Amino acid sequence: MAQQSLAREVDAAVPSQGWSEDWLSVAAGLLIFALALALLAGADLLGWATAPRTWLDIARAVRPSSATYAQVEGPVTLIATFTFALFVMTIGAALLRAHVVRFIVSFTVVFWLAYLCWVLGNYAYIAVTTPAEMQRLGLGWSLRLTGESGYLIALVVGLLIANFLPGFAAWLNEAVRPELYIKIAIVVLGGTLGVKAAEQLGLASSIMLRGFAAIIEAYLIYWAVVYFIARKWFGFSREWAAPLASGISICGVSAAIATAGAIRARPMVAVMVSSLVVLFAMVELLILPFAARIFFGDEPMVAAAWMGLAVKTDGAAVASGAITEALIYADAASQGIKYDKGWIVGTTTTLKIFIDIFIGVWSFLLAYIWTRHIEPRRPGDELRAGEIWERFPKFVLGFTATFLIVLLIGFNASPPLLKILNASMDQANVFRQLFFLLTFITIGLMSDVRALWQEGIGKLAAVYVVSLFGFVIWVGLFISWVFFHGLKPPISG
Amino acid sequence: MARETKGPRIGKELHKMQAEPLLPIEKKLIAWSLIIGVALLAMLVWTGTASIPIGR
């Protein structure tokens with residue numbers, strides 16, 4: 001199951017005439033962004049969309065995000081949200097030349113399963129964080145996990161299906177596209193971060209400057225050490241060691257696939273390394289945010305940077321930023337500190353995107369070294385500079401566009417205009433959260449631990465364990481501390 | 001692609017793997033990456049990136 005989905009991603013990474021998931025994520029993300037931005041012109045085009053709210057009475061769990069649609073019943077708004085998501089993603093599936101009917105069926109199942117988890121995560125006894133809210137709802141206790149616990153429930157449900165109902169997981173395969181979902185979410189997130197940057201330009205720019213440390217760390221330090229460990233200590237061949245080093249060091253699946261392509265490794269290598277990356281990213285996602293909550297509750301930005309530097313794959317990294325934010329903000333709220341939302345997940349995403357940008361350049365450099373010094377290519381198959389662009393993660397363009405558009409609008413905006421801009425991005429945020437949710441459940445659905453073990457990946461996993469838990473996590477923490485300690489998200493209100 | 005992954009198990013693939021000693025170019029890549037990386041990080045700290053004011 002995991003291999004099928006990842007094999008599809010390796011195929012998708014090969015330049016072709018059709019749409020790639022990367023360009024599709026840009027198109028879908030920009031569509032949602034544009035519809036939300038129409039609010040500036042007085043057109044409330046997305047206000048009907050719904051994300052679950054904290055509930056004791058399940059009938060009140062879903063409501064429209066905008067007051068314009070306040071009269072619309074919860075079930076209607078929920079069906080509208082599903083229909084819109086299905087419509088956009090079905091067009092996407094057709095552009096990707098997927099099996100459309102199979103996609104519609106599997107996406108429908110994945111959507112409703114995920115949404116159910118999301119609603120469950122917003123149950124008051126699970127989600128409520130502040131004493132004031134507990135008093136208002138008449139609760140004697142709460143797990144204080146915030147509504148984002150729905151993401152973790154979705155991850156666990158996906159994981160259970162993948163490992164105990166592998167046939168069902170395989171049946172859902174067509175809609176199991178975590179990289180696509182997270183890229184759409186990141187494009188939409190660009191607008192949200194743009195508003196925050198417009199409101200807090202000093203903090204946003206200092207986070208971006210610190211992002212350079214992330215690039216240096218991932219490419220020059222992590223990669224070199226992991227490659228050395230894989231080659232020298234574990235005796236891996238170059239064909240396995242280079243994609244493995246990129247997968248563990250840079251950005252998981254995308255980097256492993258790009259590196260395998262650059263050094264002309266067999267596709268099987270990229271698929272197996274990517275499977276491993278997803279598996280370990282899922283383990284990190286379940287552990288690191290809670291470790292960050294315990295040890296860095298007072299240093300939210302160190303925790304945010306740590307997630308960006310230590311958790312691999314865009315999906316798991318950004319998702320871990322969201323969970324970390326929920327947990328740390330909840331603890332802060334219980335002490336009467338209310339941080340402005342989005343700064344932790346925004347910092348994690350910024351660092352991840354900074355790292356992503358250079359995947360093409362790094363792959364080109366490796367391809368140059370391999371063709372010149374290790375395995376010269378055949379005549380007619382020479383290295384081209386265009387390969388940098390071919391391997392460039394295009395969703396970064398979508399993120400940059402939404403970020404800059406909103407930043408430019410918001411930079412000199414009057415307070416009333418800024419308020420509308422915020423409201424419009426809040427509407428887009430419903431879909432950002434929804435695509436986050438789909439990322440969580442599909443990461444779980446891809447993580448068939450038993451199947452991977454049967455493939456005999458023990459030795460590959462050993463390199464991963466040694467590198468990740470012996471080096472990557474701790475160096476990431478050290479760098480995060482050096483560059484981010486003392487930074488705090490703004491206080492809300 | 002899916003067919004390919006159903007072929008020989010990865011364990012067997014890894015078992016068959018030939019020993020490949022580190023070439024001088026690989027040693028250079030590792031060493032220069034680390035040297036440049038540590039130097040650039042030190043420079044970032046030294047030039048004050050780590051202490052740029054927050055500007056709330």
Side-chain angles (χ1 to χ4, degrees), chain A residues 3-4 6-8 10-11 200-206 209-210 212-213 215-217 219-225 227-228 231-232 235-241 266-269 271-272 275 365-366 369 372-374 452 454-460 479 482-488 490-491, chain B:
Chain A
Q3 287 90 330
Q4 284 171 10
L6 286 161
R8 191 176 56 211
V10 176
D11 283 340
Q200 299 280 345
L201 195 60
L203 180 55
S205 53
S206 60
L209 279 169
R210 284 161 170 82
F212 288 110
I215 300 166
I216 295 165
E217 183 187 11
Y219 289 92
L220 298 176
I221 299 192
Y222 281 170
W223 197 93
V225 172
Y227 186 76
F228 179 80
R231 294 278 289 118
K232 194 78 177 173
F236 276 96
S237 64
R238 291 176 205 98
E239 185 193 28
W240 283 94
R266 288 166 295 168
M268 176 188 65
V269 175
V271 172
M272 290 317 299
S275 303
L365 178 71
L366 291 180
I369 292 170
R372 273 301 183 92
H373 301 282
I374 297 175
L452 280 175
Q454 281 169 356
E455 286 282 356
I457 59 158
K459 194 175 172 186
L460 274 177
I479 301 283
V482 169
F483 286 90
F484 286 85
H485 81 273
L487 278 180
K488 293 275 166 75
I491 302 294
Chain B
M1 188 74 60
R3 269 200 312 275
E4 201 168 341
T5 57
K6 287 175 187 165
R9 291 275 167 100
I10 298 303
K12 285 183 189 168
E13 273 288 318
L14 298 179
H15 190 69
K16 279 192 304 187
M17 200 160 45
Q18 300 283 321
E20 290 177 357
L22 273 172
L23 297 173
I25 184 69
E26 291 176 277
K27 289 178 186 167
K28 268 189 200 169
L29 175 64
I30 293 167
W32 279 108
S33 291
L34 286 173
I35 291 166
I36 296 171
V38 171
L40 285 174
L41 281 177
M43 203 169 74
L44 274 179
V45 175
W46 183 64
T47 55
T49 301
S51 56
I52 287 171
I54 297 170
R56 290 174 188 278

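Keep in mind the model is a prediction, meaning the values are calculated, not measured. First the proteins, then the strands, lettered A, B, ... as listed; each starts at 1.
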So A:F228 and B:L34, side chain to side chain contact (heavy atoms under 4.5 Å, CB included) or not? Walk me through it. CA-CA 11 Å; A:F228 179 80; B:L34 286 173; over 6 Å; no
For a 4.5 angstrom cut-off between non-hydrogen side-chain atoms, does A:F483 reach B:L41?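 Side chain of A:F483 against side chain of B:L41, heavy atoms only: contact under 4.5 Å found.
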Evaluate side chain to side chain contact (heavy atoms under 4.5 Å, CB included) for B:I36 paired with A:Y219, printing each intermediate quantity in order. CA-CA 11 Å; B:I36 296 171; A:Y219 289 92; over 6 Å; no
Part of [X] lying under 4.5 Å from any heavy atom of chain B:
X	value
A:R372	neither
A:I479	side chain
A:I221	both

Can you see which heavy atom on A:R231 is nearest to which on B:E26, and at what distance?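 The pair with the smallest heavy-atom distance is NE-OE2, 2.8 Å.
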State, to 0.1 Å, how close B:I30 and A:A224 come at their nearest heavy-atom pair, and which atoms those are.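 In this case the closest contact between B:I30 and A:A224 is O-CB, 3.7 Å.
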Quick one: of A:S205, A:S237, A:A241, who has the most non-hydrogen atom pairs under 4.5 Å with chain B?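 Maximum pair count with chain B is reached by A:S237.
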Verify side chain to side chain contact (heavy atoms under 4.5 Å, CB included) between B:W32 and A:L220, making sure each step is shown before the conclusion. CA-CA 8 Å; B:W32 279 108; A:L220 298 176; over 6 Å; no
Distance in Å, B:L22 CG paired with A:R238 CZ, rounded so as to fall on 0.5 Å steps: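 Between atom CG of B:L22 and atom CZ of A:R238 there are 8.0 Å.
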At what distance, to the nearest 0.5 angstrom, does CG of B:L23 lie from CD1 of A:I374?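 Atom-to-atom, B:L23:CG and A:I374:CD1 are 5.5 Å apart.
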Between B:I25 and chain A, which part of the residue has a heavy atom less than 4.5 Å away: side chain, backbone, both or neither?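 Just its side chain gets close to chain A.
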Interface moiety of B:P21 toward chain A, non-hydrogen atoms closer than 4.5 Å: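 Contact with chain A: backbone only.
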Using a cut-off of 6.0 Å, state whether more than 12 heavy atoms not belonging to A:K459 lie near its atom NZ.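 Yes - once you tally the heavy atoms of other residues, nucleotides and ligands closer than 6.0 Å, there are more than 12.
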